Each structure stands twice: as C-alpha cells, then as structure tokens.
Protein chains: 2
Amino acid sequence: MNKIPSSASKLSFERPLVTVDVVIFAIQNEQFTVLLTRRPAVSSDPFPGLWALPGGFLDVLQDHTLLDCAIRKLKDKTGVETSYLEQLGSWGGDKRDPRGWSVTQAYFALINVKQEIDQKQVRGSTETAWFAVDDALRKRLAFDHTQILSAAIDRVRSKVEYTSLPAFLMEEAFTLPQLQRVYEVVLGRPMDKSAFRRRMLDADFLEAVGLIDGSLGRSAMGYRIKNRVTAVTFPRTFRASE
Amino acid sequence: MNKIPSSASKLSFERPLVTVDVVIFAIQNEQFTVLLTRRPAVSSDPFPGLWALPGGFLDVLQDHTLLDCAIRKLKDKTGVETSYLEQLGSWGGDKRDPRGWSVTQAYFALINVKQEIDQKQVRGSTETAWFAVDDALRKRLAFDHTQILSAAIDRVRSKVEYTSLPAFLMEEAFTLPQLQRVYEVVLGRPMDKSAFRRRMLDADFLEAVGLIDGSLGRSAMGYRIKNRVTAVTFPRTFRASE
DNA sequence: ATAATAGTGTCTCTCAGACACTATTAA
DNA sequence: TTAATAGTGTCTGAGAGACACTATTAT
C-alpha cells in the first residue's frame, strides 16, 4: 500500500470533525425510554449543561471501523456489550457544531436494561439518565440531537410495525404476552392478542424454552430468539386496515 | 458562539478523511443501470484505472451540509439538478482507503436519463459510463464500492416492493404500462397488470394529465407524480403470496 | 377485420382484526 | 369457586394474484 499522498492538494483539504452518536433505547417501567448524558457544565464547551445523546469523537487509533466506535460508546455508557445495533444515518454541516464543520454518524441500539446495565462498568463520571422518549423529545438537547432522536424514534416505530425488532428489548426468556406489551408500549396502541400470537409464531423466529411461572394466573411459554443478529420482517404491516 | 476550543486535546485528535459517494441509478434500454467513473490512471492514486462510484472529498468551504455535497457530486457527473436523493449509509474504517482512516457517506439517486443528461454540463474530464447493475456488481471496483453498490441495489429493490420509488426513474408524463415495465426491470420479474394498476391508482400519488399516443395500439393515460419529494408506501408488499 | 396495446371485472386465497371461547394457575 | 392470566377457534373483510374479458387505436 502506498501511504505517501501524491495528490497532496486533496489530502490537505481541511477535514471536518467526525463523531459517532448512539441512541440507546430500552423499556423501563412499561415505558419506551432513551438514555441521555449531560454535557459538561464548562462554559467553553458547546451546549454546556444540556442533555445530549451519548457519543463523541471517533478515535482513529482505537476504532477500526465506525461500528467499532459505536460499540465502544455503547459500552462506555452502559456496560452493555451485546445488543441490537443499527446505523441510523449521518448528519453533517458547517453549522451543527460551533467548533466547526462536523459530521456525526448516528446509530441506534436496543438493549434490555434488567440484566445488562451495571453502573460499575460505566466509565467516566458524566451524568446519564433514562427518559421516556416523548419527554426526551420535548427537551432542548445539544447540537441537532433532537432531530437525530426524532429520526431514531421514527425508524424504530416504523420498523416495529413490520419486524420483530422489539424482541431485542426483551430479557430472555420472555413470554408472548410480555412481548406484546412491549409492542404496545413502543407503538402506543393496544393490539389484538390472537392476531399478535399468530403473527409472531408464524414468523418462526422464536424458540420455546419451557414454561415460565407468573405471580398470578396461568403460566406462559417462555421463548428466546433463534437468531440474535437480524430482525425478521413480517409479510404485512400491523393494522393493514384503517 | 464560542469558536475558541477549550478542550483542545479533543479537537487536536487526528481527523479521518471524509468523502461522499453517490450511487446514481437510471433506466436505459429497458435495463436497470448505474453510473460509474474511472479512477485516474496515475499509479500514485489509490486504485488507479479501476471503476468506482462517483464521489470525492467533502469540501468544507463549498458544502454547507452533507446533502449539499451529494447534490454537487451528482451535478458534476450528470448535470442533473433535480432527482430523488436518499441517504444510504456510511462506511468507515482504517483499511478502506490506503491513504488513511476514511469515512464515506453514501447516497443514492434515481434520475431519468432521457431529459436530463447533458454531457456539456458535465464538469471535468473523468471517464464515466453506465452499466447494468448486475454487470457493475461483477466488476472489481475501487475501495469498498462493490459493497456500497450492493447495499444500494438491495435498498432500492426492497423499497420497490412496497413504495412508488420507480416513478422517480420516469420521464413525465408516463403511462401505467411504462411504469409497470420499470418495476419489472428493477425487480427482474413480471407483474400482473390488473393488480399493478389497482395498486398504483389506489395509492393516489399520480395525477392524470391526458392521453398519450403510443406508436401502436390504444393510447394510454399519461400521469405525473403529485408530490416529487417523497415516495408513497403501499399497504402491503408485492407478491405477499409465494 | 386484425393486431397490438390499454384498461376492467370477477373469482379466489391469504392473512389481519375482532371477539368469544377454553385452559391453567394461585388464593 | 373465583379472579387472573394464557392460549385457541372461527367469522369477516381487505386486498393481492390470476386471468378472462372489453376498449381503443393504426394499418
């Protein structure tokens, strides 16, 4: 590989700042929530004291790829190593960061909080907190993070209509009624039990792992995801009618 | 706005190279085609003489946003000013460009060649050519452009199953049989005329603009797109059966 | 009239919604 | 036995595929 630039004119172009932000979603107390971090209160930093999406500068020495960088940010803030992580998009311009032309690569992650979050694992001392997504949207966030968050919520809600994405928000093993509640929480509307069950089971992405006792009523079958890498696409959207 | 960096340590991080690439699709001779450009044959440049996607460095002085940059690249290569342009994704890593850590923001464009391409408008002297998408995929392309092209084709083909995207490949006014042919070319399979027409007309994104005479047979109604900004999503996928 | 193309009518099949029904558990 | 929850069966309606039918045009 020839590392010596010949067309030095091009390589000496001014380069924009490059960051990676991760929109981290989870279900908490039957609510669809997102993790935010507070910007340092140092007034010389941009947007001091405001809430922002977790993220930061790409480190060309540490990160081999963009995805590596997103995984690192996720781990730093939550201790979570494994989750569903998908590229959301890029936002770049000369106005979005007062420090200069900047591009951010946004990812979104779906994690299950119960088993994974371990505050001792979380690096750094930045303040972080979970917010219901609609509350987070109403806040004034740093940079163009409201726009990015809004795009992430739209993406997730629209995919939830026709994919098995919400399963990645569940702690395994989970039951179909639990999964249905998560679909309902994310979409904000009730669903028919019978149609829901038929759809999930017909899609053939779940594996039964034995009965789970609830505190009340009949025990339910527990399931786990057959393949944790990708979500399954259903043949139709929910609520094709109306 | 405070332009003086306080946390200078962060801003002095080494910054990656940032480029924008555009996958430009069109229909030519009843084929689904993509535009490629040839890398300069100078051996000091990476991938000399290979075919590549049109694109290049972001110019922080000229481009106000990423989209601006994509629009500029599209115009430089084709002279096209208006078309459907959608963000495809980002590819970044320390290995993809021999000159160092680089990130590319990929977009895809759907244009209609007939009315728009004007070679006199095309800037620069780089060689460009249109290839059937499957031929382009089989070539050895520069960088990771085969991967990017493949993602673009997948994205378009999958969206064509449930959106009005192909309408953006048409010169207005067009007829429903012409539009159907484009769907068939992109998807590579025949479709039923009656179901196709019902679907397009029910989706209510077309506006009749009067009969168009073909050379042979009955004249067909001409249509144009009501709203050229976004594609319409159909309630179901084509070929729900099978 | 014929060939060629545009456009319609109608049957069937699949699958989602609605909703009433049965099954299992703990108190 | 009752309350609470899990899970099933069956009807209906919407919409896509299949395909035969009619309509309009140039020769």
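This structure is a prediction, so every number in the text was calculated from the model and none was measured. Protein chains get the first letters and strands the later ones, always in sequence-line order, with residue 1 at the start of each. Atom set for the values below is all heavy atoms of this structure, side chains included, hydrogens, waters and symmetry mates excluded.
C:dC15 atom P lies 14 Å from atom CG of A:Asp204, rounded to whole Å. When the P atom of C:dA16 is taken as reference, atom OH of A:Tyr183 falls 12 Å away, rounded to whole Å. Distance CZ (B:Arg199) to P (D:dG17): 7 Å, rounded to an integer number of Å. Here the P atom of nucleotide C:dG7 and the CG atom of B:Leu179 are 12 Å apart, to the nearest Å. Atom CZ in A:Arg189 sits roughly 13 Å away from atom P in C:dA16 (whole-Å rounding). Atom CD in B:Gln180 sits roughly 13 Å away from atom P in C:dT8 (whole-Å rounding). Here the P atom of nucleotide D:dA4 and the CD atom of A:Gln178 are 19 Å apart, to the nearest Å. Spacing between atom CG of B:Leu187 and atom C1' of D:dG17 amounts to 16 Å, rounded to whole angstrom units.
Every residue two or more places apart in sequence or in another chain was checked for a side-chain hydrogen bond (donor to acceptor under 3.5 Å, both in side chains) with A:Lys193, and none qualifies. Listed by chain and number, the residues in a ring-ring contact (aromatic ring centres under 6.0 Å, His included) with A:Phe25 are A:Phe32 (sequence neighbours excluded). B:Asp202 pairs by the salt bridge (charged side-chain N to carboxylate O under 4.0 Å, His left out) definition with nothing, not counting sequence neighbours.
Here the side chains of A:Glu207 and A:Tyr223 are not in contact, with every heavy-atom distance at 4.5 Å or above.
Residue pairs meeting the ring pair (Phe, Tyr, Trp, His ring centres under 6.0 Å) criterion with at least one member in residues 143-177 of chain B, sequence neighbours excluded, are B:Phe47-B:Phe143, B:Tyr84-B:Phe168, B:Phe143-B:His145. The ring pair (Phe, Tyr, Trp, His ring centres under 6.0 Å) analysis of residues 176-196 of chain A, with sequence neighbours excluded, yields the pairs A:Tyr183-A:Phe196, A:Tyr183-A:Phe238. Listed by first then second residue, pairs satisfying side chain to side chain donor-acceptor pair (under 3.5 Å) with a partner in residues 25-37 of chain B number zero, not counting sequence neighbours.
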Run the side-chain donor-acceptor check on residues 212-222 of chain B: report pairs under 3.5 Å with partners two or more places apart or on a different chain.
residue  : atom : partner  : partner atom : Å
B:Asp213 : OD1  : B:Ser219 : OG           : 3.1

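Listed by residue number, B:Gly217, B:Arg218, B:Ser219 are the residues of residues 215-223 of chain B with a heavy-atom contact under 4.0 Å to DNA chain D. Residues of residues 191-198 of chain B having a heavy atom closer than 4.0 Å to DNA chain C, listed by number: B:Lys193, B:Ser194, B:Arg197, B:Arg198.
With no hydrogens or angles considered, no side-chain donor-acceptor pair links B:Thr163 and B:Thr233 at under 3.5 Å.
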